[in-house]
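The block underneath contains the structure these notes are about, expressed in structure tokens.
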Amino acid sequence: MLLQLAAWPEVEEYLKTSTAIIVPIGSTEQHGPNGLIGTDAICPTAIAQQLSKRMNVLIGPTLAIGMAQHHLGFPGSISFRPSTLLAVIRDVVESLRVHGFTHVYFLNGHGGNVATVTAAFSEIWAGASFAGGTDRAPRLRLRNWYLGPRVKALSDELYGHAEGSHATPSEVSLSWYAFPEAVKSVSLHPELAPSGPIRDAADYRRQFPDGRIGSNPGLSSIEHGKRILEAAVEDTVEDFNGFTADAA
Ligand code: NI
């Protein structure tokens, strides 16, 4: 069930069967010359929507803006500061806690979110610890969809080292499968983008002039995207079931 298409009595009924929710989280940032700016939000959203057809699980609204300051040298990118994203995560979790949700599973599409979301979890758990008492703190998990074992095996098979680390052919393929009307036919020079560390936005644009890092998204295709989505759904079902088995 998708939260945004549900009415509140349906959510109240759902809570009698499960107190877990999946919240897709991504980013709004450049993904090279042929990747969609919404890629990091589109991918976990597509996976979560498939999941909701497979099992009784509530899917929250996608948090489509993340921590992407290093992409601000490219037009169209929008970022929260780490402190802003931390506050957003805390408020989302605490809102859900009010209604009795015990397990919040963030299905993530953006590596730049990891440090901050993990820090937000620590902040939430610290709040419980400092408050004392014996209530179980919320169960929280951040899962990067692109690191699941089936997805990793498939991206290795399809792209090898050309997967790279930003604007990857895996994520571009998945986003194209979700939105075939947005496929962009652009030639990439060089085919394989340079690699290196990420710092601030100006440095990023100097080092990675077309926005990609280490990838060749020229290998992307809608057909690959379908296969990657199927692998990601299998990975996520398995991981989510493990997560909810840890009962509050
Ligand atoms: Ni991405």
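Computed from a prediction, not measured in an experiment: that's the story for all the values here. Order of listing sets the numbers, starting from 1, for every ligand and every atom in it.
Taking backbone and side-chain atoms together, E171 has an N/O/S atom less than 2.8 Å away from the Ni ion (ligand 1).
For H31, the N, O or S atom with the smallest separation from the Ni ion (ligand 1) is NE2. Residue-level check: among N/O/S atoms of D40, OD1 sits closest to the Ni ion (ligand 1).
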Just list the side-chain donor-acceptor pairs under 3.5 Å for residues 87-101, sequence neighbours left out, or say none.
{"from": "S95", "atom 1": "OG", "to": "D91", "atom 2": "O", "distance (Å)": "2.7"}
{"from": "R97", "atom 1": "NH2", "to": "R136", "atom 2": "O", "distance (Å)": "3.0"}
{"from": "H99", "atom 1": "ND1", "to": "S95", "atom 2": "O", "distance (Å)": "3.3"}

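Using cut-offs of 30° and 60° on the angle between ring planes, the pair H110 and H71 is tilted.
Between G211 and Y204 the shortest heavy-atom distance is O-OH, 2.7 Å.
In summary, the aromatic rings of Y159 and H224 are positioned with their centroids under 6.0 Å apart.
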